[in-house]
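Here is the structure we will look at.
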Amino acid sequence: MSKETTDTANSELPKTNFIHQEIDKDLQQGKNNGKVLTRFPPEPNGYLHIGHAKSICLNFGLGEYYKGGTNLRFDDTNPTKEDTEYVNSIMEDVSWLGFTWTNEPVYTSDYFQQLYDWAVLLILADKAYVDDQTAEQIAAQKGTPTTAGQHSPFRNRTVAENLDLFERMRKGEFKNGEHVLRAKIDMASPNMHMRDPLMYRIIHAHHHRTGNDWCIYPMYDFAHGQSDFYEGITHSICTLEFEVHRPLYEWFLNQILEADPKLKELPKTRQIEFARLNLNYTVMSKRRLLELVNSKIVTGWNDPRMPTISGLRRRGYTPESIRMFADKVGVARRENIIDVSLLEHCVREDLNKKAPRVYAVLNPVKVVITNFAEGEVEWMEAENNPEDDTMGTRTIPFTREIFIERDDFMEGAPSKFFRMDVGREVRLKNAYIVKCESITKDANGEITEIQCTYDANTKSGMEGSNRKVKGTLHWVSVNYSKQITVNLYDRLFKDEDPAGHKDVDFKEFLNPDSLNTINTCWIEPNFMEAGAKFNDGILRFQFQRLGYFCLDMDSKPDSPIFNRTVPLKDSWGKNA
RNA sequence: UGUCUCGUGGUGUAAUGGUAGCACAGCUGGUUUUGGUCCAGCUAGUCAGGGUUCGAAUCCUCGCGAGACAACCA
């Protein structure tokens, strides 16, 4: 790629995606006086998901990179679907990801009067008309992508009549659906969006910000392009499906500029489309996510199994890991389905460096160290993070009775099994090497207790501990550990593309094992000493040898709940 | 039987007429008091045909395939 950078570009952050290249070209041509202003324009009708995160990182990333800025604009032109709950969640999610919008958040509803005035301008120019037909009639006249549409019988109303009707629409003289305002363009256009699209419809509903001031609301197409233009957005970065809308935005803007020439001074927004993010084993449309919430299949928008930003946050994902992910997936115009393993890779990479290690046993079996004195406790030193010495050490109690993971014992184990079996020596991490002498089973053949002896010369740090043994296990003291609840999450769907089956509802592919809550888990007593505070206030840990876990928001001091963010990579488990 | 967009390893993404590279996934091996991390290596790709050119993933052409567009949604 070009090594050149523009004056406004940050050369420390090389970028190669096509949007950067296009913006670089614009800047080299001296457009917009070298300014770059982007925007992120969500409709407040649902929670943000990982696909939005890609868009957020792209738009805010561009704003930062070119030292311009990014507006957060709520696209709130449909009062029946929008709510301040969503406005608040969106601001929280964008902030949590680490981005700052320029000035205060803005709203398309801020421009309702301006948009109305522009609509009047179009009527005056005989470029818009009021149609009295029903939605069905209008749809029938629209034609199909391969056949032309037909003119509305109301298409040739006089300017005066249109003006009068539109004003009365605004005053509330009509019921929902009685009239609409349409642009007069071309019913035979190969682009369906140019076939006399709706500009305004009547909706008698309370708007989350303008209350009952309006009973007519602009359509997205009549609002979005002008909002960008009005705010001085230089580059409007959006997803591919809006490409066919672009000629319409340009048509609207050109009509407005013709009617109001002094606006020609302002820069025209350039829209650039990219392919939206798709992730396998999940669904990404707000409609389907809402369906999961409403049907109580998940506990809410922030259920840790949801691909929402709030769900990922509750799952334990860090903002940095999501930004890393957005960076790694890249930006292009071809359809894509990203493997979730990339997302998991990103959070492991981030948490490996940051998460303090603690000991927890999820599926315990009791081990008795028969030659260790009853009632005695020996405090062992353990590093909080081998990747980061500055995180220090803490002590953990070693006693005669401990729990180990049931999976870490196998009777008659093959030699490839690097764990405990009768007659074998293994290391208890940060403690002693122990040898399994015998086991006790109940009537069902289930192991109820394992008896071991320890070698007093093999305490961690001693020379005797350098002995090569079969494996290293994690453990907790029976008497000193705390009982916890753990949520083990798996993918929500069993199918790679649950929404991709024409004749089968996506909910048919739900994974019945997506949540496994277990209460038989034990954690070392002083796990808080490991220093788990992250910038966002969420407590995250690595449970040694198991995975990354975070403290759930519903935890109480005496009954902690941990959510598994992601297991550690495991080259044994998948062979087993 | 329309218009537009897009086809590079399994998945993403670079290379913009000059050695097809990187990441994830997978597989080896090394280190390791986490079967993690780290390190080294391996596997695997330009949709097909034709053309232009000394030279094509890149330009042209034709075919094939995928996606988008027919809400008083955004």
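Lettering of chains follows the sequences in order, A, B, ..., and the numbering in each one begins at 1.
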Span that lies between the C1' atom of B/U16 and that of B/A57, in whole angstrom: 10 Å
Winner on side-chain proximity to A/I338, out of B/G12, B/C72, B/A25, is B/G12
Sugar-phosphate only, base, or nothing, as touched by A/R357 at under 4.0 Å among non-hydrogen atoms: base
Shortest side-chain distance from A/N352, nucleotide among B/U37, B/A14, B/A74: B/U37
Within a strict 4.5 Å, meaning less than it, do heavy atoms of the A/F325 and A/Y317 side chains meet? no
Once you round it to whole Å, what is the distance between P of B/G10 and CG of A/L342? 17 Å
Distance check, P atoms only: B/A74 and B/C38, in whole angstrom units. 47 Å
Nearest whole angstrom, please: distance from the P of B/U33 to the CZ of A/R419. 17 Å
Which listed nucleotide (B/A74, B/U34, B/U3) is nearest to the side chain of A/D75? B/A74
Are OP1 or OP2 of B/A25 and a side-chain N or O of A/K569 less than 4.0 angstrom apart? yes
NA contact type, A/S465, heavy-atom cut-off 4.0 Å: base, sugar-phosphate, or nothing? base
Distance check needed: B/C27 P versus A/D570 CG, whole Å only. 12 Å
Can you find a heavy atom in the side chain of A/S460 that is under 4.5 Å from one in the side chain of A/M380? no
Classify A/Q544 by what it touches in the nucleic acid, base, sugar-phosphate, or nothing, heavy-atom distance under 4.0 Å. base
Whom does B/A56 pair with, Watson-Crick or G-U wobble, provided both distances fall under 3.5 Å? none
Rounded distance (Å) that lies between atom P of B/A66 and atom CD of A/E241: 20 Å
Using purine N1 to pyrimidine N3 plus N6-O4 or O6-N4 for Watson-Crick, or N1-O2 and O6-N3 for G-U wobble, both under 3.5 Å, which nucleotide pairs with B/A71? none
Round to a whole Å and report the spacing from CH2 of A/W572 to P of B/U34. 18 Å
When rounded to the nearest Å, what value does the distance between C1' atoms of B/U1 and B/C59 take? 30 Å
Do A/R540 and A/F549 have side chains that get closer than 4.5 Å, going by heavy atoms? no
In A/Y217, A/W214, A/F166, the residue satisfying ring pair (Phe, Tyr, Trp, His ring centres under 6.0 Å) with A/Y200 is A/F166
Pairwise P distance for B/U3 and B/A15, with rounding to whole Å: 30 Å
Look at all strands and tell whether A/S460 reaches a base, only sugar-phosphate, or nothing, counting heavy atoms closer than 4.0 Å. base
Using atom CG of A/N17 as one end and atom P of B/A23 as the other, report the distance to the nearest whole Å. 19 Å
What nucleotide, of B/A74, B/G35, B/U13, holds the atom closest to the side chain of A/R545? B/G35
Does B/G36 have OP1 or OP2 under 4.0 Å away from a side-chain N or O of A/S571? yes
Contact class for A/N430 vs. all strands (heavy atom < 4.0 Å): base, sugar-phosphate, or nothing? base
Residue met sooner reading RNA chain B from 5', once A/F418 and A/K328 are mapped to nucleotides: A/K328
For a quick test of reading the model: is some side-chain N or O of A/R246 closer than 4.0 Å to OP1 or OP2 of B/C69? no
Plane angle bin for A/Y220 and A/F242 - parallel if under 30°, tilted between 30 and 60°, otherwise perpendicular: tilted
Would you mind reading off the distance between A/I138 atom CD1 and B/A70 atom C1', rounded to a whole angstrom? 14 Å
Could you check whether A/V331 gets within reach of a base, just the sugar-phosphate, or nothing at all, counting any heavy atom under 4.0 Å? sugar-phosphate
Counting only Watson-Crick or G-U wobble pairs whose two distances fall under 3.5 Å, which nucleotide matches B/U46? none
Could you walk me through whether A/N384 and A/R394 pass the side chain to side chain donor-acceptor pair (under 3.5 Å) check? CA-CA 7 Å; A/N384 290 329; A/R394 70 190 185 288; 2.8 Å; yes
Roughly how many Å apart are B/G55 and B/G18, using the C1' atom of each and rounding to a whole number? 7 Å
Geometric class of the A/Y86/A/Y47 ring pair [parallel <30°, tilted 30-60°, perpendicular >60°]: perpendicular
Taking B/C73, B/U34, B/C69 as options, the one with an atom nearest any side-chain atom of A/M219 is B/C73
Using heavy atoms to find the nearest nucleotide of RNA chain B for A/E243 and A/G471 separately, return the residue whose nucleotide is more 5′. A/E243
Whole-angstrom distance between B/A56 and B/U46, as gauged at atom C1': 11 Å
Pairing partner (Watson-Crick or G-U wobble, both distances under 3.5 angstrom) of B/G21: B/U13
Please classify the nucleic acid contact of A/V329 as base, sugar-phosphate, or nothing, using heavy-atom distances under 4.0 Å. sugar-phosphate
Which of the following nucleotides, B/U3, B/G36, B/A15, is nearest to the side chain of A/L568? B/G36
Sub-4.5 Å side-chain heavy-atom contact between A/Y249 and A/H193: no
Pair partner, B/C38 [Watson-Crick or wobble, under 3.5 Å]: B/G30
Under 6.0 Å from the OH atom of A/Y111, do we count more than 12 heavy atoms belonging to anything else shown? yes
Heavy atoms under 4.0 Å, any strand shown: does A/F242 hit a base, just sugar-phosphate, or nothing? base
At 4.0 Å (heavy atoms only), tell me whether A/E136 reaches a base, stays on the sugar-phosphate, or touches nothing. nothing
Counting side-chain heavy atoms from CB outward, which of B/G36, B/G12, B/U33 is closest to A/E387? B/G36
Would you tell me if any nitrogen or oxygen in the side chain of A/H193 comes within less than 4.0 Å of OP1 or OP2 on B/C69? no
Give one of base, sugar-phosphate or nothing for A/I337, where a contact means two heavy atoms less than 4.0 Å apart. sugar-phosphate
Any strand is fair game: report the nucleotide pairing with B/U8 by Watson-Crick or G-U wobble, both distances under 3.5 Å, or none. none
Select one nucleotide: of B/G35, B/G12, B/A74, the one nearest the side-chain heavy atoms of A/Y220. B/A74
Over how many whole Å does the gap from A/Y454 atom OH to B/U33 atom C1' extend? 18 Å
Is A/R333 close enough to B/G67 that one of its side-chain N or O atoms is under 4.0 Å from OP1 or OP2 there? no
B/C24 versus B/U32 - spacing of their C1' atoms, nearest Å: 24 Å
Out of B/G35, B/A74, B/G2, whichever nucleotide has its closest atom nearest the side chain of A/E43: B/A74
With rounding to the closest Å, how many angstrom separate the C1' atoms on B/C47 and B/U8? 10 Å
Within the pair A/Q21 and B/A15, is there a side-chain N or O less than 4.0 Å away from OP1 or OP2? yes
Nucleotide nearest A/R334 (side chain, heavy atoms from C-beta), chosen from B/C72, B/U33, B/G7: B/G7
May I ask you to decide if A/A355's main-chain N or O and A/R357's side chain share a donor-acceptor pair within less than 3.5 Å? yes
Counting just side-chain N and O atoms, does A/T77 come under 4.0 Å of either OP1 or OP2 of B/A74? yes
